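Only one structure is covered here, and it is reproduced in the block below.
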Amino acid sequence: MQAMRVPTTRRYLMCPPRFFAVDYVINPWMDPTQPVSADVAVAQWTELRDTYRRLGHTVEEIEPQPGLPDMVFAANSGTVVDGRVLGSRFRAPQRAAEAEHFRRWFVEHGYRDITMPEKINEAEGDFAWTGTLLLAGTGFRTDPAAHAEAQEVLGVPVVSLQLVDPRYYHLDTALFVLAEATDTTRAQIVYYPEAFSAGSRRVLERVFPDAVLATSEDAECFGLNGVSDGRNVVLPVEATRLGELLAARGYEPVYVDISELRKAGGGPKCCTLEIRKG
Ligand SMILES: CN(C)C(=N)NCCC[C@H](N)C(=O)O
C-alpha cells in the first residue's frame, strides 16, 4: 500500500530577481551572449513564491541589491538548523558581497546565533538537511574543510559527498530531500548517482537504500533542484519524468517554470533558503 505523505509547513527566505542578469561565467550553464530578461525572471520567481504561499508556507523576502545579479539564489547564503545560522563565503568574487546582506537580514530579524564561516561555504547549495544528518557536497564550490566547520557550528553530523560533474556543481543540482525524518534510515532522498564519485555513491546507497534514483534527463532540466515539504514537491516544469516517479511514491509534483533563472544555473531550490527554527 502507498505511504501517506504528510506535508509540514516551512519558512523560506527568498530574494526577488529585480537585478537579475548573466554578466559573468562561473558555471557551465551561464552564457552572457544569450538574452536574459529580469522581468521574465521576476515573473517566474513570483510564481514560485506564490506557489509556496498557496501550499501554506511562509515566505520572507530580502531586498535585492544592484550589482549582485545572482542574489536571487538565496539558498547559497545561509544554512539554518534549529534556529542556528551558518552564513556563507562564496568562491567567486562576483558573489562575495551577497553574504553580508544576508547576515544583516538575519541580525535585523532577531537571529542571535549567527556564525560567518572561515572556509568557502555556499550554504544550502551544498548542504541538505535530512532531519538528522547534514549531507554536504564538495568538489566545485564548498571547501571540504567547511563540512567540519558546519558540523562544529551547527552541532549536527555531516556526511561529506564528492561531486564530479561540473554541470552539477552544487549538491542541490544532484540531490534533494523528499521527506525529513528523525530516524536517519527513514529520511527519503532523490539523487542523480552519476554526479557523485564512486565512494560517495556507496555512502548514499548505504545510508539511503530506498532513495529514488534520477536519470540524466531528470538532472539536465534541474529536476534535482526540487523543494519538498514532505508531500508537495516543487519541480521545474520540464521534470515530468521525475514528477511521475515521485507521484508513484505518493508525492504530489507541483511544477513551476524557472527557465529564465536556469540561464544563470539555478532552479527552484536555489531561490529558496529554508529557515528551520527548531
Ligand atoms: C542550484 N544551484 C546550483 C544553486 N544552489 N545556486 C545557483 C547559483 C547560480 C550562480 N550563477 C552561481 O553559479 O553561483
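Please read these numbers as outputs of a predicted model, since none were measured by experiment. In each ligand, atom 1 is the first atom listed, and ligand 1 is the first ligand listed.
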- Identify whether the distance between the nearest side-chain nitrogen and carboxylate oxygen of Asp218 and Arg241 falls below 4.0 Å. yes
- Would you call Arg167 and Glu220 a salt bridge, taking side-chain N to carboxylate O under 4.0 Å as the test? yes
- If a pair satisfies side-chain hydrogen bond (donor to acceptor under 3.5 Å, both in side chains) and one of its residues is in residues 146-157, list it, with sequence neighbours excluded. His147-Ser160
- Please name all residues satisfying side chain to side chain donor-acceptor pair (under 3.5 Å) with Thr182, sequence neighbours left out, ordered by chain then number. none
- Item | Salt bridge Arg10-Glu60, side-chain N to carboxylate O under 4.0 Å | no
- Heavy atoms under 4.0 Å from ligand 1: which residues qualify? Ile26, Asn27, Met30, Asp70, Phe73, Asn76, Arg95, Gly125, Arg141, Tyr169, His170, Asp172, Thr173, Asn225, Ala264, Gly265, Cys270
- Task: Using the test salt bridge (charged side-chain N to carboxylate O under 4.0 Å, His left out), find all partners of Arg104 that sit at least two apart in sequence or belong to another chain.
- Result: Glu100
